[in-house]
Amino acid sequence: GNSVTQMEGPVTLSEEAFLTINCTYTATGYPSLFWYVQYPGEGLQLLLKATKADDKGSNKGFEATYRKETTSFHLEKGSVQVSDSAVYFCALTGSNAGNNRKLIWGLGTSLAVNP
Amino acid sequence: NAGVTQTPKFQVLKTGQSMTLQCAQDMNHEYMSWYRQDPGMGLRLIHYSVGAGITDQGEVPNGYNVSRSTTEDFPLRLLSAAPSQTSVYFCASSYFSTLNTEAFFGQGTRLTVV
């Protein structure tokens with residue numbers, strides 16, 4: 001079945017450092033890929049998404065490119081801020097109808113950014 | 001602009017008690033789901049619904065019941081609370097019929113069973 005693997009945390013960075021959080025997936029066909037973010041004490045919210053190979057999703061300075069050849073969707077940001085401290089989840093939905101449309105989640109990566 | 005509303009935000013139960021976590025959405029989404037979030041375990045799907053009158057089990061359904069009598073509401077019932085059900089619970093909704101759909105989450109309910 002479909003699955004998502006993301007790098008374990010916690011990740012601790014200094015402000016203005018470069019961020020990469022790795023995410024790889026296993027899925028048949030052409031899944032849609034997502035990054036969600038969870039700020040402390042809140043629910044998850046969509047950060048960015050990509051729906052086909054070579055698409056780049058971007059939002060709030062974060063980017064991720066859908067790489068079908070490496071089955072990856074790594075999250076990057078060139079210069080993190082303290083306000084980026086959160087838990088980041090990689091997820092996918094399958095390309096077939098029915099249950100394959102359910103979101104499949106990675107375990108989440110906690111990011112702490114120090115001033 | 002309510003989105004997904006979950007109540008309560010915090011709850012403490014004694015072992016064996018029952019309770020209902022409420023979830024309502026005002027976006028006319030077909031798909032609603034309940035997750036629990038535990039440290040190191042990510043999000044685990046408890047139950048989900050693809051429309052009014054239709055529910056199905058997720059990964060960890062034991063000890064929980066759901067119903068979907070309207071499009072808007074999707075309550076989660078704990079039948080007889082156990083310490084293993086101490087967790088943070090999230091309700092989510094989305095359009096199910098559209099590929100690439102974004103899920104909208106409630107703020108969460110932090111449940112402690114003592």
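Protein chains get the first letters and strands the later ones, always in sequence-line order, with residue 1 at the start of each. Fair warning: this is a prediction, and the values are worked out from it, not measured in the lab.
Atom CD of Gln17(B) is surrounded by more than 12 heavy atoms from other residues, nucleotides or ligands within 6.0 Å. Around NZ of Lys52(A), the count of heavy atoms belonging to other residues, nucleotides or ligands within 6.0 Å does not exceed 12. Around the CZ atom of Arg110(B), the shell of radius 6.0 Å holds no more than 12 heavy atoms that belong to other residues, nucleotides or ligands.
Neither the backbone nor the side chain of Glu8(A) has a heavy atom closer than 4.5 Å to any heavy atom of chain B. Residue Phe104(B): no heavy atom, backbone or side chain, is found under 4.5 Å from chain A.
Annotation for Leu107(A) and Gly40(B): closest pair CD1-O, 3.9 Å, computed over non-hydrogen atoms. When all heavy atoms of Phe89(A) and Gln37(B) are compared, the closest pair comes out as CZ-NE2, 3.3 Å.
Side-chain heavy atoms closer than 4.5 Å link hydrophobic residues (I, L, V, M, F, W, Y) into clusters, and following such links, possibly through other members, connects Val87(A) to Leu43(B). Linking Ile, Leu, Val, Met, Phe, Trp and Tyr whenever their side-chain heavy atoms come within less than 4.5 Å leaves Phe105(B) and Met32(B) in two separate clusters. Taking hydrophobic clusters as Ile, Leu, Val, Met, Phe, Trp and Tyr residues chained together by side-chain heavy-atom distances below 4.5 Å, Tyr31(B) does not share a cluster with Tyr89(B). Val88(B) is not connected to Ile46(B) by any chain of hydrophobic side-chain contacts under 4.5 Å among Ile, Leu, Val, Met, Phe, Trp and Tyr, and they are in different clusters. Under the 4.5 Å side-chain heavy-atom criterion for Ile, Leu, Val, Met, Phe, Trp and Tyr, Tyr88(A) and Leu13(A) are members of the same hydrophobic cluster.
Residue-level contacts of residues 39-46 of chain A with chain B, in order of numbering, are Gly41(A), Glu42(A), Gly43(A), Leu44(A), Leu46(A); threshold 4.5 Å between heavy atoms.
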Review point. Does the pair Phe90(B) and Trp105(A) meet the rule for a ring-ring contact (aromatic ring centres under 6.0 Å, His included), with working shown?
Key: CA-CA 14 Å; Phe90(B) 288 99; Trp105(A) 297 93; 9.9 Å; no

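At a threshold of 4.5 Å between non-hydrogen side-chain atoms, the residues Leu103(A) and Tyr35(B) count as touching.
Although no hydrogens or angles enter the test, the distance criterion places no donor-acceptor pair under 3.5 Å between the side chain of Tyr48(B) and the main chain of Lys102(A).
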